[in-house]
Number of protein chains: 2
Amino acid sequence: MTRPPTSAERTRDTLRGLILQGDLAPGARLGEVELAARLGVSRTPVREALSRLAAEGLVEVAPNRGARVATWTVAELEGVFDLRSVLEPQLTAHAVPRARPADVEELDALARRMHEVGGPGPRQDLDALVPLNRAFHDRLVALAAHPTLAAALAAAIHPPIVRRNFLTYDEESLRRSLAHHSEIVAALRAGDPDWARAVMTAHIANARAVMVRAARRTTGTATREGETA
Amino acid sequence: MTRPPTSAERTRDTLRGLILQGDLAPGARLGEVELAARLGVSRTPVREALSRLAAEGLVEVAPNRGARVATWTVAELEGVFDLRSVLEPQLTAHAVPRARPADVEELDALARRMHEVGGPGPRQDLDALVPLNRAFHDRLVALAAHPTLAAALAAAIHPPIVRRNFLTYDEESLRRSLAHHSEIVAALRAGDPDWARAVMTAHIANARAVMVRAARRTTGTATREGETA
DNA sequence: TCCCGGGTGATTGCATGCAAGTTAGGGGTC
DNA sequence: GACCCCTAACTTGCATGCAATCACCCGGGA
């Protein structure tokens, strides 16, 4: 018996989608009346949605000054990776004893598919990698069956960071990243949580290096992403 | 140039305080009109505050059915401790190289004061322990200077759990807990992050055992805290 | 006695109105 | 020409009104 979503929920999800897809760039102004008109609702559910997204860290609100899509510094980006590097290995280790053979096969299929579309050559499609990667990590987190850890992780990963991922990977880092996925599957097959944890730790460290380097290139170390300074 | 807080912010903070102090028990109904009247504002800021506190996990809202103070199962309680046992040791280790002598002295003073009011005998005052403990941990988290990890921790610790802490400690666990604080100070003095991390890990494990035991006693393993079943 | 259905009072969800605060632009002064 | 102040349009913050939904209670039937 699923409950019909309220306008505020729809507004919140729509806004989140717009931000995650990049239709609303970091730093973009979010006027209440403008959004209300755009989404066909009144200002009230828009306000509620903005407040909620602010709690999630996706938007920033200044009293009497309105809301903007959240921005972040390189330091904050590194902080997010610190958090991921504690939580995701732990979640991965949790997943190991809970993974049934069918689950492992599913993850294996995802990892193989990522090798196909991510490998070098004319068939490389970095955009197709994003949903596959997301599916892999989501599946792993679901297997861990640990809502509290999962919630902490989801709250911290400002998905704007995740979104434009593989465009910034150099070839070696990308190869490493794909290999990590396969190795995690191997660790799951072996039922070795320590192995899985270690690979995931390396996986995050690799991603961290790539993302931090890219962020420094585009924004410099001091300015906020989305600001024009 | 501090900005005067809005009504919604005041409402949110007031509500949070009421919940944390236990004036609003887990499971208690939070009617919008009732709260609005009680706090002297209209329903709008109350709605905003409830939505925000729902995002923080302090209240639970059911569409068209209103909000209640959040409840939790023993499994969720254990999940929170899983999270703490990953985050707090890490934060503690981070704090070690950043702690200046004055900071260490401050923490030492708190730890000593906790021994005074927490030690057995007629001068024992378990209620006084709560703010001291909170100050100790908050100070440590602040020293780590890691907003992302700190935010993840703060978001997860449903403080109703933290609040009524030391009343449930048996004497041995309490002695252990107080000793941990002193030992963390020692590790800080020695500048040894691994030592500090290990002690904090033990500290959380000790607290976890106490809290889970207490929760099982009062609620049974299946029911939710705050429900009368 | 227990279960089920209809009506009613209360509560939430959303829209809108008004006041306070903020930002932008123009005129005046140094 | 640069800076500042003052005004005006706009935006947000909050209050309130109305419709939709829900919980509760009561009566009827098995």
Side-chain angles (χ1 to χ4, degrees), chain A residues 1-16 18-19 24-56 58-71 224 226-229, chain B residues 1-16 18-19 24-56 58-71 224 226-229:
Chain A
M1 185 157 149
T2 114
R3 202 166 294 284
T6 66
S7 276
E9 285 172 332
R10 277 197 312 267
T11 304
R12 170 160 52 81
D13 294 340
T14 305
L15 267 179
R16 193 177 7 228
L18 287 173
I19 295 173
L24 293 169
R29 216 167 158 290
L30 299 170
E32 295 180 2
V33 290
E34 179 201 336
L35 291 175
R38 185 166 170 180
L39 302 177
V41 293
S42 86
R43 283 174 49 216
T44 306
V46 171
R47 280 181 67 78
E48 201 160 325
L50 287 175
S51 169
R52 189 61 176 263
L53 292 174
E56 294 180 16
L58 273 177
V59 315
E60 297 163 341
V61 293
N64 281 318
R65 228 174 290 183
R68 299 180 165 282
V69 179
T71 62
R224 274 184 177 271
E227 290 180 356
T228 38
Chain B
M1 187 167 133
T2 116
R3 202 165 293 286
T6 66
S7 276
E9 287 172 331
R10 277 197 311 269
T11 304
R12 172 160 51 82
D13 294 340
T14 305
L15 267 180
R16 196 175 8 228
L18 288 174
I19 295 173
L24 293 169
R29 220 171 153 286
L30 299 170
E32 295 180 1
V33 290
E34 179 201 336
L35 291 175
R38 184 165 171 179
L39 303 177
V41 294
S42 85
R43 284 175 48 217
T44 306
V46 171
R47 281 181 66 78
E48 202 160 323
L50 287 176
S51 169
R52 188 62 175 262
L53 293 175
E56 295 180 16
L58 273 177
V59 314
E60 297 163 341
V61 293
N64 281 317
R65 230 173 290 182
R68 313 185 88 87
V69 178
T71 61
R224 272 182 179 274
E227 290 180 356
T228 37

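Chain A is the first sequence line, chain B the second, and so forth, proteins listed ahead of strands; every chain is numbered from 1. Fair warning: this is a prediction, and the values are worked out from it, not measured in the lab.
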Discussion item. With rounding to the nearest 0.5 angstrom, report the CG to CG distance, A:L15 to A:L58.
Written reply: 9.5 Å

Worksheet item: Quick one: OG1 on A:T6 to CD on A:E48, what's the gap to the nearest 0.5 Å?
Response: 7.0 Å

Worksheet item: To the nearest 0.5 Å, how far apart are CG in B:L30 and CG in B:L53?
Response: 9.0 Å

Worksheet item: Per the end-axis method with five pairs at each terminus, what is the bend angle of the helix from C:dT1-D:dA30 to C:dC30-D:dG1, to 10°?
Response: 20°

Worksheet item: Would A:E56 and A:R16 pass as an ion pair if we require N to O under 4.0 Å?
Response: yes

Worksheet entry | Interatomic distance, B:N64 CG vs C:dT11 P [rounded to whole Å] | 14 Å

Practice prompt. Among B:L39, B:T11, B:L50, find the one that has a side-chain contact (heavy atoms from CB on, under 4.5 Å) with B:P45.
Written response: B:T11

Discussion item. Quick check against the 3.5 Å criterion: does B:R43 have a side-chain atom that pairs as donor or acceptor with the backbone of B:V33?
Written reply: no

Fill in: Reported CG-to-CG distance for the pair A:L18 and A:L35, which is rounded to 0.5 angstrom
8.5 Å

Fill in: Distance-only donor-acceptor check, side chains A:R10 and A:S7, under 3.5 Å
yes

Worksheet item: Within the pair A:R65 and C:dG21, is there a side-chain N or O less than 4.0 Å away from OP1 or OP2?
Response: no

Worksheet entry | Phosphate OP1/OP2 of C:dG13 contacted by A:T6 side-chain N/O (<4.0 Å) | no

Worksheet entry | Nucleic acid contacts - residues 29-51 of chain A versus DNA chain C, non-hydrogen atoms under 4.0 Å | A:V41, A:S42, A:R43, A:T44, A:P45

